[in-house]
Peer 1: 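Before I ask anything, let me first share the structure, which is written out below as structure tokens.
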Number of protein chains: 2
Amino acid sequence: MPVTLRDIAEKVGYSITTVSRALAGYDDVAEETRRLILQTAQEMGYHPNIPARQLQRRRTDTLGFVIATFGPRFSDPFLSELLAGIGNEAARHEFDLLVATHPPRSANELHAYRRLVRGRRVDGLIITRTRVHDERIAYLLEQKVPFATFGRSEVEGDFPWVDVDGEAGLVQVTRHLIQQGHRRIAIILPPADLMFSRFREAGFRRAMAESELPVQEAWVTWGDLTEQGGYQAARRLLDQHPAPTAIIAGNDVMAIGAIRAAREHGLTVGREIAIAGFDDIPMAEHTTPPLTTLRQPIYEIGRRLCRMLIALLRGETLEHPHVLLQPELVIRQSTVPEA
Amino acid sequence: MPVTLRDIAEKVGYSITTVSRALAGYDDVAEETRRLILQTAQEMGYHPNIPARQLQRRRTDTLGFVIATFGPRFSDPFLSELLAGIGNEAARHEFDLLVATHPPRSANELHAYRRLVRGRRVDGLIITRTRVHDERIAYLLEQKVPFATFGRSEVEGDFPWVDVDGEAGLVQVTRHLIQQGHRRIAIILPPADLMFSRFREAGFRRAMAESELPVQEAWVTWGDLTEQGGYQAARRLLDQHPAPTAIIAGNDVMAIGAIRAAREHGLTVGREIAIAGFDDIPMAEHTTPPLTTLRQPIYEIGRRLCRMLIALLRGETLEHPHVLLQPELVIRQSTVPEA
DNA sequence: ATTATATTCCAAAACGTTTTGGATGTCAAG
DNA sequence: CTTGACATCCAAAACGTTTTGGAATATAAT
């Protein structure tokens with residue numbers, strides 16, 4: 001039913017080849033012929049059949065992005081924003097985006113990657129939240145499928161990445177808290193198998209050491225990046241004696257959970273306890289009190305990763321294949337009591 | 001480089017046809033032959049080329065979902081959860097999901113749909129937040145592309161949908177507030193061009209009329225479903241004299257904004273002012289105070305829409321092509337002060 | 001022995017595109 | 001008049017799959 005090159009060819013009386021080449025803009029088509037073909041194609045409502053083109057060109061102009069959904073719920077603002085950045089940039093380059101979802105760290109996570117790669121559904125993929133010994137990266141390297149990651153990796157191999165300097169970030173925020181007079185500082189780290197958890201821990205320890213403050217090992221904890229996780233971890237921290245006077249959470253979502261825990265403990269956040277996050281999600285400036293956090297431009301990173309990957313696919317060599325951005329400390333009332 | 005049917009055929013000494021049919025499970029292949037072919041395919045690491053299959057089968061086993069991103073940011077928990085539901089269910093049926101993003105109500109919204117439809121990239125689409133005179137629906141009906149929607153529509157045409165009875169929901173929550181002793185009740189509706197805005201408004205008015213309470217027209221306002229939007233609308237409401245003692249927000253995200261506005265106004269939410277939302281996003285039970293809201297099972301609806309659409313694509317007739325779910329009133333401390 | 005019926009196989013066409021490697025015709029230069 | 005250069009066109013192959021419409025052989029029924 002849909003119009004094909006053959007239909008146009010028959011109508012205008014030229015070969016399929018010529019029609020194809022006219023539409024593709026080759027210069028071995030007479031100007032007048034081209035005009036006729038273009039107009040006819042327009043009139044007949046021609047649009048190329050993409051699967052056919054993909055088959056012939058042996059590429060799909062499609063990117064893959066696999067999202068981990070937490071249980072039945074996925075409302076991680078981090079992933080949403082990244083997705084928006086990737087998606088909007090992909091659209092700008094006329095690329096499509098194939099999204100696969102799956103429960104996190106499930107057996108079918110790799111299955112999702114294999115599906116996309118084996119079926120030649122995508123030309124490249126974007127990976128986020130790189131992990132220690134990341135099997136996704138290992139797989140894609142082994143399969144020689146182009147990809148770009150948000151986050152560094154210790155896996156050997158050459159691939160572009162963008163990352164935010166979590167170590168420097170944690171040095172900043174820890175120093176800030178120390179400057180505010182805090183000595184008993186706790187931290188709720190992201191899951192330890194995530195690469196950025198390591199960097200942030202290192203930054204925290206470095207800043208504490210620098211001020212010759214001891215790191216209470218009981219105050220170094222981990223949370224699963226959800227509100228619940230932050231809440232629970234913070235509760236455990238606040239139940240201790242002595243309790244910390246400041247908590248740094250691995251992301252804003254956990255920080256929001258920590259705020260709730262602190263409030264339940266009867267503490268005034270900002271005054272009796274300081275709480276800081278990481279990300280600067282839109283909600284961060286609207287919590288009560290507004291959240292001190294480290295801003296990372298997630299949306300922009302999504303766009304950038306997408307651009308890098310597409311450049312890679314086009315065979316261009318990247319000027320800066322590895323980008324390390326500095327997070328920006330945004331100080332709000334959750335660590336600095338109102339004047 | 002990748003293994004094709006031809007490679008297997010040459011290796012085992014049968015025709016491409018037989019290899020194809022053996023792998024597809026037809027019964028006109030000898031048992032022994034099939035075993036040989038299956039094993040060889042396995043050994044050689046065969047995986048079908050999906051674009052080739054799509055071309056031949058004239059279907060893609062792929063669904064499309066277009067997401068409106070708000071400005072550069074998209075962190076709408078509603079959309080995230082719906083996406084998770086759709087994505088996980090699609091994976092269960094071996095369907096892929098093509099996601100397109102675009103700024104809301106931009107000219108290229110329809111462009112995104114056209115792109116997916118014209119290029120025959122997808123077999124069907126899922127639409128959410130149906131609008132009055134929805135041009136997306138009109139377009140898909142005109143193109144005879146299967147789709148399913150979250151939300152009803154007044155556009156003529158037959159297509160499956162799932163919706164939540166917003167009118168009944170608003171009757172419930174309004175009654176609840178009236179029962180709590182509120183007389184001056186305001187509402188922040190979703191944008192008026194969204195179908196569900198109409199239903200909710202009707203429910204609100206019905207419940208008010210039923211108790212012979214006047215609806216202050218200045219207290220019927222609209223917000224853009226963001227935290228900011230809810231905050232601003234609530235501020236305007238609270239600046240009035242007399243101010244409402246209860247505010248019903250069009251979704252939880254706006255309710256969170258309203259809570260912030262109320263707090264800034266020096267009001268204790270739950271006690272001096274009641275605030276209710278709609279959706280019951282994960283964050284709702286973790287706000288301060290926890291939010292009274294109408295729960296709609298967004299994740300499940302995503303799955304259901306996906307199932308309906310796939311059934312439709314398979315030519316099955318749906319038992320219940322139109323599903324109207326009842327939202328569940330979840331009463332928390334934002335409307336009922338703590339004991 | 002012949003016919004009918006299964007069983008197992010496959011050549012070829014088709015899906016709609018892009019690309020290769022010329023073919024044809026025209027025109028200016030020699 | 002020939003040659004070469006250019007401009008314009010196209011037949012055919014290829015991408016990798018599925019499906020159609022039998023062919024070939026073996027087995028059972030007459």
Peer 1: Do A:N88 and B:T101 pass the side chain to side chain donor-acceptor pair (under 3.5 Å) test, and can you show the C-alpha distance, the side-chain angles, and the key distance before you say yes or no?
Peer 2: CA-CA 6 Å; A:N88 286 344; B:T101 63; 2.6 Å; yes
Peer 1: Kindly state each residue pair satisfying ring pair (Phe, Tyr, Trp, His ring centres under 6.0 Å) with at least one member in residues 126-153 of chain A, sequence neighbours excluded.
Peer 2: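 Passing the test, one end in residues 126-153 of chain A: A:F78-A:F150, A:F147-A:F159.
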Peer 1: Apply ring-ring contact (aromatic ring centres under 6.0 Å, His included) to B:H322 and list each qualifying residue two or more places apart in sequence or on a separate chain.
Peer 2: B:W161
Peer 1: Apply salt bridge (charged side-chain N to carboxylate O under 4.0 Å, His left out) to B:E94 and list each qualifying residue two or more places apart in sequence or on a separate chain.
Peer 2: A:R115
Peer 1: What residues in residues 11-28 of chain A put a non-hydrogen atom under 4.0 Å from any atom of DNA chain C?
Peer 2: A:I16, A:T17, A:S20, A:R21, A:Y26
Peer 1: For residues 35-44 of chain A, which side-chain donor-acceptor pairs fall under 3.5 Å, sequence neighbours excluded?
Peer 2:
residue, atom, partner, partner atom, Å
A:Q39, NE2, A:E43, OE2, 2.9
A:T40, OG1, A:L36, O, 2.6

Peer 1: Give the first and the last nucleotide of DNA chain C, reading 5' to 3', that has any atom under 4.0 Å from a heavy atom of chain B.
Peer 2: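 On DNA chain C, the outermost contacted nucleotides are C:dT8 to C:dG16.
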Peer 1: Salt-bridge test for A:E109 and A:R131: reply yes if a basic N is under 4.0 Å from a carboxylate O, no otherwise.
Peer 2: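 Looking at A:R131 together with A:E109, the answer is yes, because their closest N to O distance falls below 4.0 Å.
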Peer 1: For the residue pair B:S20 and B:T17, confirm or rule out a side-chain donor-acceptor distance under 3.5 Å.
Peer 2: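 Distance-only check fails for B:S20 and B:T17.
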Peer 1: Listed by chain and number, what are the salt bridge (charged side-chain N to carboxylate O under 4.0 Å, His left out) partners of A:D27, not counting sequence neighbours?
Peer 2: none
Peer 1: At how many degrees, to 10°, do the end axes of the helix from C:dA1-D:dT30 to C:dG30-D:dC1 meet when each uses five pairs?
Peer 2: 60°
Peer 1: Going by the salt bridge (charged side-chain N to carboxylate O under 4.0 Å, His left out) test, which pairs reach into residues 5-14 of chain B, not counting sequence neighbours?
Peer 2: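 Those involving residues 5-14 of chain B are B:R6-B:E10.
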Peer 1: When the side chains of residues 116-125 of chain A are checked against the rest of the protein, which donor-acceptor pairs come out under 3.5 Å, sequence neighbours left out?
Peer 2:
residue, atom, partner, partner atom, Å
A:R118, NE, B:H47, NE2, 3.1
A:R120, NE, A:R118, O, 3.0
A:R120, NH2, A:R118, O, 2.7
A:R120, NH2, B:H47, O, 2.8
A:R121, NE, B:D96, OD2, 2.9
A:R121, NH2, B:T62, OG1, 2.9
A:R121, NH2, B:D96, OD2, 3.1
A:D123, OD1, A:T60, N, 2.8
A:D123, OD1, A:T60, OG1, 2.9
A:D123, OD2, A:T60, N, 3.1
A:D123, OD2, A:T60, OG1, 3.4
A:D123, OD2, A:D61, N, 2.6

Peer 1: Counting only heavy atoms and a strict 4.0 angstrom limit, can you tell me which residues of residues 34-55 of chain B come near DNA chain D?
Peer 2: B:Y46, B:P48, B:N49, B:A52, B:R53
Peer 1: For B:R34, what residues pass the salt bridge (charged side-chain N to carboxylate O under 4.0 Å, His left out) criterion, not counting sequence neighbours?
Peer 2: B:E31
Peer 1: How about A:T130 and A:T149: does a side-chain donor come under 3.5 Å of a side-chain acceptor?
Peer 2: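 No pair is found: no donor N or O on one side chain lies under 3.5 Å from an acceptor on the other.
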